[in-house]
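Some notes on the structure that comes next.
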Amino acid sequence: MTEKLIFAGVVTALLATAAVPALANHHEKDGAMHRDAALMTAINHERRKDEKARDVYRNPAETLAFFQVKPTHSVAEYGPGGGWYTRILLPYLSGKGKYVAVNGNSDSINFTDRAREGRSKSWPERFPDAASKWTDVPANKIAAYESDEVPDELKGKIDRILIFRSMHGMLNGARSDSELQSLRGILADDGMIGIVQHRADADASYAMSKGTKGYLKQASVIALFELNGFELVDSSEINANPKDTKDYEKGVWTLPPVLTNKDEDKAKYQAIGESDRMTLLFKKRP
């Protein structure tokens, strides 16, 4: 039986017997979130000027405050991709904290060609130089590892792990359990893991919520983390978008910033904005 089928069956059983925790209302932009001058400096960094238009959808100050990230923390960003959050986290943590980039285990991926495989396996060597160019933080101060290759000295020492819009990729690749177990191993006993993920409606069909469209049910994500030794601490509507109808043939990538349909109905999708997203905070269970 595949990981996806196991996941679907166990989640169904869990949801039949357990209520989903109520959402907390953390959308208010209270003053406490903005007293972290170092965070606001990182968010307003000149190198981010071309990316700040997305702040209205991604709410970085409120999101990182909800995840209780501090400038003294050791923070692992999973699957940083093009580095939208990296451009904030690296400058924020470079003084007293530590930033670690973590990608999935490339040995668990079935590549369609050798070029893709080569790019994936060389990522730990290439990422520090790319991130340095994004942020001006020296490359020799930027650590990057695959999830199964994080050195022993970091295991159990990471204060926060942050996963932005990457859970569907884990599930689509049938490696969510192995990745979450690897991440659990590097998280400190009192550490927490923050998730932002495209959110399907609670009653969405399997086809629209299994991850291939980018969307997952919030209850399913919670159940997956519970199965892998985590406990939900809190949930937030910081990154909610009620305009998102979540019924696009080409999935979440129909919306900005990708706009898969290119110029077809571009104004319509720009008016919707980026996807509706769950924002969840978990801790390790003993």
Side-chain angles (χ1 to χ4, degrees), residues 1-23 57 78-79 81 104-105 108-112 147 163-184 193-232 234-261 264-265 268-269 272-282:
M1 186 178 293
T2 66
E3 183 181 18
K4 288 184 181 179
L5 291 177
I6 294 171
F7 170 69
V10 177
V11 167
T12 300
L14 278 172
L15 298 183
T17 58
V20 178
L23 292 174
Y57 303 113
Y78 182 89
N105 175 8
S108 67
I109 301 172
N110 293 319
F111 296 99
T112 56
S147 57
I163 305 178
F164 298 106
R165 308 175 308 282
S166 294
M167 291 304 304
H168 59 284
M170 285 190 197
L171 281 166
N172 292 338
R175 58 182 190 274
S176 57
D177 289 333
S178 60
E179 289 299 307
L180 290 181
Q181 286 300 309
S182 292
L183 295 177
R184 192 177 190 279
I193 183 165
I195 306 297
V196 176
Q197 174 60 39
H198 312 295
R199 177 169 55 189
D201 289 335
D203 60 352
S205 68
Y206 174 68
M208 295 303 297
S209 63
K210 64 180 179 178
T212 55
K213 302 286 188 181
Y215 293 100
L216 298 172
K217 292 182 180 181
Q218 181 162 320
S220 298
V221 173
I222 293 170
L224 176 63
F225 272 83
E226 289 177 344
L227 286 170
N228 281 282
F230 296 93
E231 177 183 338
L232 183 67
D234 206 352
S235 56
S236 172
E237 290 297 274
I238 293 167
N239 296 301
N241 181 2
K243 295 180 181 179
D244 182 6
T245 58
K246 315 173 190 182
D247 57 358
Y248 321 109
E249 181 182 353
K250 296 181 180 178
V252 71
W253 303 280
T254 303
L255 298 176
V258 178
L259 291 169
T260 301
N261 290 350
E264 182 182 345
D265 294 325
K268 169 187 173 181
Y269 297 123
I272 292 172
E274 295 192 17
S275 66
D276 177 51
R277 292 161 185 167
M278 64 185 87
T279 305
L280 308 173
L281 186 63
F282 295 91

**Complete:** Residue set satisfying side chain to side chain donor-acceptor pair (under 3.5 Å) with Asp247, at least two apart, ordered chain then number -> Thr245
**Prompt:** Considering residues at least two apart in sequence or located in another chain, which fulfil the side chain to side chain donor-acceptor pair (under 3.5 Å) criterion with Asn241?
**Reply:** none
Got [X] and [Y] here, is their nearest side-chain heavy-atom distance under 4.5 Å?
X      : Y      : result
Lys210 : Ser205 : no
Glu274 : Pro257 : yes
Thr212 : Asn172 : yes
Thr279 : Ile195 : no
Leu224 : Met167 : yes
Phe230 : Arg184 : yes
Trp253 : Tyr248 : no

Rounded to the nearest 0.5 Å, how far apart are [atom1] of [X] and [atom2] of [Y]?
X      : Y      : atom1 : atom2 : answer
Phe282 : Asp234 : CZ    : CG    : 11.0 Å
Ser178 : Met170 : OG    : CE    : 8.5 Å
Ser176 : Leu227 : OG    : CG    : 9.5 Å
Asp201 : Asp276 : CG    : CG    : 7.5 Å

Pairing residues for [X] by the side chain to side chain contact (heavy atoms under 4.5 Å, CB included) criterion, not counting sequence neighbours:
X      : result
Ser166 : Tyr78, Ile163
Asn105 : Asp107, Ser108, Glu146, Ser147, Asp148, Glu179
Lys250 : Thr254, Thr260, Asn261
Ser275 : His198, Tyr215, Asp244, Val252, Leu255, Arg277

**Request:** Report the C-alpha distance between Ile193 and Phe225 in whole Å, list the side-chain angles of each, state the deciding distance to 0.1 Å, and finish with yes or no for side chain to side chain contact (heavy atoms under 4.5 Å, CB included).
**Result:** CA-CA 10 Å; Ile193 183 165; Phe225 272 83; 3.9 Å; yes
**Message:** side chain to side chain contact (heavy atoms under 4.5 Å, CB included) for His168 and Gln197? Distances and angles first, verdict last.
**Reply:** CA-CA 8 Å; His168 59 284; Gln197 174 60 39; 3.1 Å; yes
**Message:** Check this for me: does any side-chain nitrogen of one of Glu237 and Arg199 sit under 4.0 Å from a carboxylate oxygen of the other?
**Reply:** yes
**Prompt:** Closest heavy-atom contact between Ala200 and Lys217?
**Reply:** CB-N, 4.0 Å
**Request:** For a side-chain contact (heavy atoms from CB on, under 4.5 Å) with Leu171, tell me which candidate from Asp177, Val221, Leu216 qualifies.
**Result:** Leu216
